[in-house]
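Notes for the one structure printed next.
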Amino acid sequence: MTILDGKKTSADLKLEIAESVKQLKLQGKKTPHLAAILVGNDGASMTYVGAKVKACELVGFNSTLIDLPEETTEDRLLQEIESLNNNDDVDGFIIQLPLPKHIDEQKVLMAVNPDKDVDGFHPTNVGKMTLDLPTFLPATPFGIMELLERYNVETSGKHVVVIGRSHIVGRPMSILMSQKRKAGNATVTVAHSRTKNLKELTLQADIIVAALGIAEFLTGDMVKQDAVIIDVGITRVEDASKKRGYRLAGDVHFESVSKKASFITPVPGGVGPMTIAMLLKNTLLACKNKG
Ligand SMILES: Nc1nc2c(c(=O)[nH]1)N[C@@H](CN(C=O)c1ccc(C(=O)N[C@@H](CCC(=O)O)C(=O)O)cc1)CN2
């Protein structure tokens with residue numbers, strides 16, 4: 001069994017990105033600049049945004065964090081987005097999800113200039129991705145594709161079962177893996193909360209992408225021998241014995257599933273760090289696109 005090490009792979013990617021930044025500087029070009037909007041004080045979101053800012057520092061990007069209170073109105077948030085759309089120094093920006101319930105997520109994401117949409121969530125970029133045109137791919141699925149490529153995991157002709165149909169992970173993952181690309185050419189089944197006989201499907205899968213958000217849902221008895229397992233879930237499970245008061249659990253029951261898997265991503269240290277590295281890659285692309 002091989003661990004698909006997202007921590008190491010993302011560190012490699014960050015070195016490559018840092019080298020590109022150095023080259024841009026040597027050519028007298030602009031330093032990439034990523035901005036992030038965080039609304040509210042959700043602990044996990046604060047951690048992720050903090051990690052994004054830190055990653056920018058590491059590779060030599062400029063970064064701006066716009067930290068807004070929970071009670072921020074939708075109009076106020078739309079004003080911030082407009083201001084980032086019009087700020088020529090900012091190459092790309094993201095709005096950390098989830099947003100507080102009183103804000104319409106779709107309306108907000110549609111307000112982002114698609115050329116600065118380094119999360120790849122704007123309908124224009126989702127459409128381009130679906131048509132296999134050059135665009136910003138959503139960071140988590142993009143990171144999974146990169147991990148599969150770098151570990152030479154065979155995907156062509158394989159049966160992939162994606163569990164979860166979210167706009168951020170499950171849906172784009174199913175599209176990318178079915179396309180004619182290096183870690184693609186797979187036959188994809190998308191399973192979700194209404195799927196019947198899920199275990200029958202997962203037992204047929206050569207590759208499983210677990211992205212449903214239920215801690216340790218996928219157990220060893222649900223996977224076939226030598227399956228490739230991608231765990232997208234990160235749930236904070238209360239654990240008084242831990243310093244932080246919780247432990248991180250994926251959607252996969254690692255102990256039982258890893259005994260059968262040929263390749264598996266751990267949590268932490270798998271898909272999560274790749275998400276951040278691919279956001280940097282998208283920001284570098286946004287900066288280069290500006291010329
Ligand atoms: N605007 C966006 N919002 C959200 C996205 C996104 O891509 N864009 N994805 C997720 C959260 N996410 C990035 O924002 C993210 C999740 C996890 C990690 C990560 O590195 N996890 C570590 C563990 C970190 C911890 O201690 O909790 C790991 O898995 O090793 C990075 C980014 C939802 N929102």
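Atoms within each ligand, like the ligands themselves, are counted from 1 in listed order.
In this structure, Gly269 is part of the shell of residues with a heavy atom less than 4.0 angstrom from ligand 1. Judged by the shortest distance from any of its heavy atoms, Lys52 lies inside the 4.0 Å radius around the atoms of ligand 1. Put simply, no part of Val267 is less than 4.0 Å from ligand 1, judged by heavy atoms. Remark: distances from the non-hydrogen atoms of Met274 to ligand 1 are all 4.0 Å or more. Heavy atoms of Ala44 come nearer than 4.0 angstrom to ligand 1 in no pair at all.
For atom 3 (N) of ligand 1, the nearest non-hydrogen atom from the set Val232, Ile94, Leu97 belongs to Leu97. Summarising the contacts of atom 31 (C) of ligand 1 with Gly272, Gly250, Gly143, Pro268, the nearest heavy atom is found in Gly272. Between atom 27 (O) of ligand 1 and the options Asp231, Thr265, Leu248, the minimum heavy-atom separation is to Leu248.
Of all atoms in ligand 1, listed by their number and element, those nearer than 4.0 Å to a heavy atom of Phe121 are 1 (N), 2 (C), 8 (N). Near Ile276, with a cut-off below 4.0 Å to any heavy atom, the atoms of ligand 1 are 31 (C), 32 (C). Atoms of ligand 1 lying under 4.0 Å from at least one heavy atom of Arg244, given by number and element, are 26 (O). Contact atoms of ligand 1 toward Ile234: 17 (C), 21 (N), 29 (O) (distance under 4.0 Å to a heavy atom of the residue).
Counting non-hydrogen atoms of neighbouring residues, nucleotides and ligands closer than 6.0 angstrom, the CG atom of Asn86 exceeds 12 such neighbours. Heavy-atom neighbours of Lys290 NZ from other residues, nucleotides or ligands within 6.0 Å: above the threshold of 12.
A donor and an acceptor atom, one from each side chain of Thr31 and Asn62, are nowhere located under 3.5 Å apart. Between Thr195 and Arg165, the side chains place no donor N or O within less than 3.5 Å of an acceptor N or O (distance only, hydrogens not considered). Judged purely by distance below 3.5 Å, without hydrogens or angles, the side chains of His33 and Asp89 pair a donor atom with an acceptor atom.
Counting all heavy atoms, side chain and backbone alike, Ala277 lies closest to Ile17 at O-CD1, 3.7 Å.
If you take OG1 on Thr283 and CZ on Phe61, they are separated by 5.5 Å, rounding to the nearest 0.5 Å.
Where the criterion is an N or O separation shorter than 3.5 Å, residue side chain and backbone included, Gln96 meets it with respect to ligand 1. Remark: ligand 1 and Ile95 share an N or O pair separated by less than 3.5 Å (distance only, no angle test).
For atom 10 (C) of ligand 1, the nearest protein heavy atom lies 4.0 Å or farther away.
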